[in-house]
Amino acid sequence: MPELPEVETIKNELAPCIIGKRITDVVLPDSTAVKEPASDVFIRKLKGTTIETVRRRGKYLILQLSNHKFLIIHLRMTGALLFNCPGERYVRAVFHLNGRDRLAFADRRRLGVLRLIDSVGEITDKLGPDPFARDFTAAKFAERLRGRKAPIKAVLLDQHVVAGVGNMYADEILFMAKIHPLRKTNTLTANEIKAIHHAMLRVLRAAIAGKGASVDTYKRPDGNQGTAHTEFAVAHRLGKPCPGCGTLIQRLPVRNRGSYYCSHCQKL
DNA sequence: CCCGGAACCTGAAGGC
DNA sequence: TGCCTTCAGGTTCCGG
């Protein structure tokens, strides 16, 4: 499931393949992948434009085009962007570049979204800060948590608070910070918030170094998997020993999301 | 505004 | 073997 480290990896590996290239054709085997504008307009406005920059904000991928529009891609659960990978499955959209290269948007569960918009603010204004933003300090993080009564796990998943953390990295972050996922956010001490902030940056950085976690359908643009999941302490490790103390990892639902944790290292 | 729950989606996995 | 149910989780919507 693409979260910040996966989208960052896709951005890094895709950029050298597509920047400066012209979109010579767009094919939509599943036009419902396009949220806006209408799919025929989407195709018409994309054709002939050149991709100028590729950026990431939270879990969104942002392609800036020569016609001053932005192609926004959200991969949601099972989306992947495959560059010149023969034999892809579940393809919902194909972008032909320079009449030679093929960028395919594959998405088994069909929850991903493509949109073509005039201003990135339409997407980014609603998001909380990116964890790697220069001014995203522990103090700023604490400010954004203030007044929240929900479990910290649920708040970490709220993209209005911080943009980019998803279910599996939230579990890893809380394990590293030794905080129980159901802990009420407004009972966290300043030091505990600092620990979560610090863990967030460490966990996400390590996952980017591992080129993302292939726990489900995540693939890099060349079709290869990432390795970040091999470093997981708790996420998707139900019944396996905690790397810190050996206690068997448990799982409990938080807002209907599976949450993996160590009941010894993360006390409520 | 904040919170929690349901809905969207479909292949995989497990039960019988 | 095969049908059926449940699960996965990022985002959005809705009711309280």
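It should be emphasised that the depicted structure is a prediction, and the values quoted were computed from it without experimental measurement. The chains referred to below are lettered A, B, ... by the order of the sequence lines, with proteins before strands, and numbering in each begins at 1.
Every pair passing side chain to side chain donor-acceptor pair (under 3.5 Å) that includes a residue from residues 59-78 of chain A is listed here, sequence neighbours excluded: A:Thr53-A:Gln64, A:Lys69-A:Asp118, A:Thr78-A:Asp107.
Partners of A:Phe95 according to the ring-ring contact (aromatic ring centres under 6.0 Å, His included) rule, which considers only residues two or more places apart in sequence or in another chain, do not exist here. A search for salt bridge (Lys or Arg N to Asp or Glu O under 4.0 Å) contacts involving A:Lys126 returns nothing, not counting sequence neighbours. With sequence neighbours left out, the side-chain contact (heavy atoms from CB on, under 4.5 Å) criterion links A:Lys35 to A:Val113, A:Arg115. The salt bridge (Lys or Arg N to Asp or Glu O under 4.0 Å) search around A:Asp40 returns none, not counting sequence neighbours. With sequence neighbours excluded, the residues that form a salt bridge (Lys or Arg N to Asp or Glu O under 4.0 Å) with A:Lys153 are A:Asp171.
Note on the helix from B:dC2-C:dG16 to B:dC16-C:dG2: angle between the axes of the first and last five pairs equals 50°, rounded to 10 degrees.
Residues from residues 114-133 of chain A that place a heavy atom under 4.0 Å from any atom of DNA chain C: there are none. For the segment residues 172-182 of chain A, no residue has any heavy atom less than 4.0 angstrom from an atom of DNA chain C. Taking a 4.0 Å limit (strictly below) on heavy-atom distances, residues 200-213 of chain A does not reach DNA chain C anywhere.
The distance between atom CG of A:Asp158 and atom P of C:dT11, rounded to the nearest whole Å, is 10 Å.
A:His236 comes within 4.0 angstrom of sugar-phosphate atoms only, judged by non-hydrogen atoms across all strands, and of no base.
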Pick out the pairs of N or O atoms, protein on one side and nucleotides 13-16 of chain C on the other, that lie under 3.5 Å.
none

Protein heavy-atom contacts under 4.0 Å, written 5' to 3' over nucleotides 5-10 of chain B as B (base), S (sugar-phosphate only) or - (none), form the string BSBBBB
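Less than 6.0 angstrom separates the ring centroid of A:Phe141 from the ring centroid of A:Phe136.
Each of B:dC2, C:dG9, C:dT12 was ranked by its minimum atom distance to the side chain of A:Asn167; first place goes to C:dG9.
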